[in-house]
Number of protein chains: 2
Amino acid sequence: MRIGELAARTGVSVRALRYYEEQGLLDAERSTGGQRHYPENAVDRVRLIQQLYAAGLASRAIVELLHCVVDGNATPELLARLASERDRIDGRIAELTGARDRLDSVVTGAAANLRTGRPCPARAGAGTTGAGARRRETGPTG
Amino acid sequence: MRIGELAARTGVSVRALRYYEEQGLLDAERSTGGQRHYPENAVDRVRLIQQLYAAGLASRAIVELLHCVVDGNATPELLARLASERDRIDGRIAELTGARDRLDSVVTGAAANLRTGRPCPARAGAGTTGAGARRRETGPTG
DNA sequence: CTAAAACCTGACGTCGACGTGAGAGGCAAG
DNA sequence: CTTGCCTCTCACGTCGACGTCAGGTTTTAG
């Protein structure tokens, strides 16, 4: 298929597909006219790339990973890097979970305020869920 | 405390603290000489800001959230936005979890390759998918 | 054939959270 | 006073994954 169809089927832009090729993430055969032609499995490949990008991996890391997946070239160093990437993702998940809980407590508290008509619980003293909402602004203007 | 101490105690750069002020996330009293002075609770404030940044919230969203937390101004619209941010974080967590599992299977499979000396399992069963849409390619060991 | 898509290669623009360097001023100590 | 560190305000630089515009070519439809 040509680049437009691949873009449509994967949901990524044509520009992005060219960018992937530029980064060595995706290769294509060329027609006599110079147009790119992709095999069916390019769809899955692009989806994998997207997933890895979404995970926060840089294109350079993805390139190496793909070399492993596609060419079967895996060195212990690469594996170590990928494992470390994995751990970083784990860390991010933990961060996000913490932040989500925090945000949750803020939202919950604020919603309660709307109902009670009182100022934010942060001022009243600590969080409703106790998720670290002790943002006691013992400060300036009231 | 002055900006250098706040930076040291929070682990963020001086530049970042000035940036937060520029974005309306953090305010400071000024000495006659124009230097910023922060109260103790600024430490917690900065940590909250960092956590929200880490969660992927943009400074604009954080500003509004802080207005809620600090000033007690929460509109239903703001709450809806924050709730939607929360859901986005949830989505990100799901994305990351999926990507991590995927990465995991690649690493595990590649490690198995190193031991067996065989090419990547992606090739062995590649057929149409190439990059492996199926995460069943994980090796026997774990 | 023509016209219209779709595609091509550059190459500059974007956005966000700062980094970094310049040049000048504040602040405590001697 | 001077020294020396910290701080101030611009204001341009960065990095990554593209967006977008320009100008030309290939493919497809009629």
Side-chain angles (χ1 to χ4, degrees), chain A residues 1-39 42 45-66 81 85 88-89 92 95-96 99, chain B residues 1-39 42 45-66 81 85 88-89 92 95-96 99:
Chain A
M1 78 195 79
R2 289 191 298 170
I3 199 170
E5 186 182 344
L6 181 58
R9 287 177 58 178
T10 58
V12 314
S13 70
V14 168
R15 176 69 177 92
L17 294 178
R18 295 201 189 104
Y19 176 76
Y20 295 166
E21 181 173 331
E22 192 181 322
Q23 299 298 308
L25 301 176
L26 185 63
D27 51 343
E29 316 247 319
R30 296 301 185 112
S31 73
T32 47
Q35 299 202 350
R36 296 170 178 85
H37 281 94
Y38 300 91
R45 171 78 81 100
V46 170
R47 286 181 183 150
L48 174 60
I49 294 172
Q50 281 279 299
Q51 192 167 14
L52 294 175
Y53 268 130
L57 273 74
S59 50
R60 182 164 154 257
I62 301 181
V63 170
E64 299 183 350
L65 189 149
L66 288 179
R81 272 199 53 186
E85 294 281 4
R88 254 179 33 187
I89 295 177
R92 283 285 279 271
E95 272 185 5
L96 287 179
Chain B
M1 79 194 78
R2 290 190 297 173
I3 198 169
E5 187 182 343
L6 181 57
R9 287 176 59 178
T10 57
V12 313
S13 71
V14 168
R15 176 68 177 94
L17 294 177
R18 295 203 188 102
Y19 176 76
Y20 296 165
E21 181 172 331
E22 192 182 321
Q23 298 299 308
L25 301 176
L26 185 63
D27 51 342
E29 317 246 317
R30 296 299 186 113
S31 72
T32 47
Q35 300 200 350
R36 294 169 177 85
H37 282 94
Y38 301 91
R45 171 78 81 100
V46 170
R47 285 181 183 150
L48 174 60
I49 294 172
Q50 282 277 300
Q51 191 166 15
L52 295 176
Y53 268 131
L57 273 75
S59 49
R60 182 165 154 257
I62 301 181
V63 170
E64 299 183 352
L65 188 149
L66 288 178
R81 270 200 55 185
E85 295 279 4
R88 254 180 30 186
I89 295 177
R92 283 284 280 272
E95 270 185 5
L96 287 179

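Protein chains get the first letters and strands the later ones, always in sequence-line order, with residue 1 at the start of each. Reckoned from all heavy atoms, side chains included, excluding hydrogens, waters and symmetry mates.
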Considering heavy-atom distances to DNA chain C, does A16(B) or G34(B) have its closest nucleotide positioned more toward the 5' end?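 Whichever sits nearer the 5' end wins; that is A16(B).
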Among the nucleotides [options], which one has an atom lying closest to any side-chain atom of [X]?
| X | options | result |
| --- | --- | --- |
| Y53(B) | dC18(D), dA17(C), dT9(D) | dA17(C) |
| Q50(A) | dC18(D), dC8(C), dT27(D) | dC18(D) |
| S59(B) | dT9(D), dA17(C), dC18(D) | dA17(C) |
| R15(B) | dT9(C), dT20(C), dC27(C) | dT20(C) |

Got a sec: does the CD of E22(B) have more than 12 other heavy atoms crowding it under 6.0 Å?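 More than 12 heavy atoms, drawn from other residues, nucleotides or ligands, come within 6.0 Å of this atom.
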Under 4.0 Å between a Lys/Arg side-chain N and an Asp/Glu carboxylate O for E85(B) and R88(B)?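 Yes, E85(B) and R88(B) are salt-bridged.
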For R30(A), answer base if it contacts any base atom (sugar-phosphate contacts may also be present), sugar-phosphate if it contacts only those atoms, and nothing otherwise; contact means non-hydrogen atoms under 4.0 Å.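 R30(A): backbone/sugar contact only, no base atoms under 4.0 Å.
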Do Q50(A) and R47(A) come within less than 4.5 Å of each other through their side chains, counting heavy atoms only?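 No, their side chains stay 4.5 Å or more apart.
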Close side-chain approach of H37(B) to R2(B), heavy-atom, < 4.5 Å: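 Yes; the side chains approach each other to less than 4.5 Å.
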Expressed as a whole number of angstroms, how long is the span from [X]:[atom1] to [N]:[atom2]?
| X | N | atom1 | atom2 | result |
| --- | --- | --- | --- | --- |
| I3(B) | dT7(D) | CD1 | C1' | 8 Å |
| I62(A) | dG16(D) | CD1 | P | 12 Å |
| I49(B) | dG16(C) | CD1 | C1' | 16 Å |
| R18(A) | dG19(D) | CZ | P | 11 Å |
| L17(A) | dA17(D) | CG | C1' | 13 Å |
| L57(A) | dG16(D) | CG | P | 13 Å |
| L26(A) | dA17(D) | CG | P | 15 Å |
| H37(A) | dC8(C) | NE2 | P | 9 Å |

For [N], does either OP1 or OP2 sit under 4.0 Å from a side-chain N or O belonging to [X]?
| X | N | answer |
| --- | --- | --- |
| S13(B) | dG19(C) | yes |
| Y19(B) | dA17(C) | yes |
| R2(A) | dT27(D) | no |
| Y20(A) | dC18(D) | yes |
| T32(A) | dT26(D) | no |
| R36(A) | dC8(C) | yes |

Looking at R45(A) and L25(A), would you say the former's side chain and the latter's main chain have a donor-acceptor pair under 3.5 Å?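 Side chain of R45(A) to backbone of L25(A), a donor-acceptor pair under 3.5 Å: yes, one is there.
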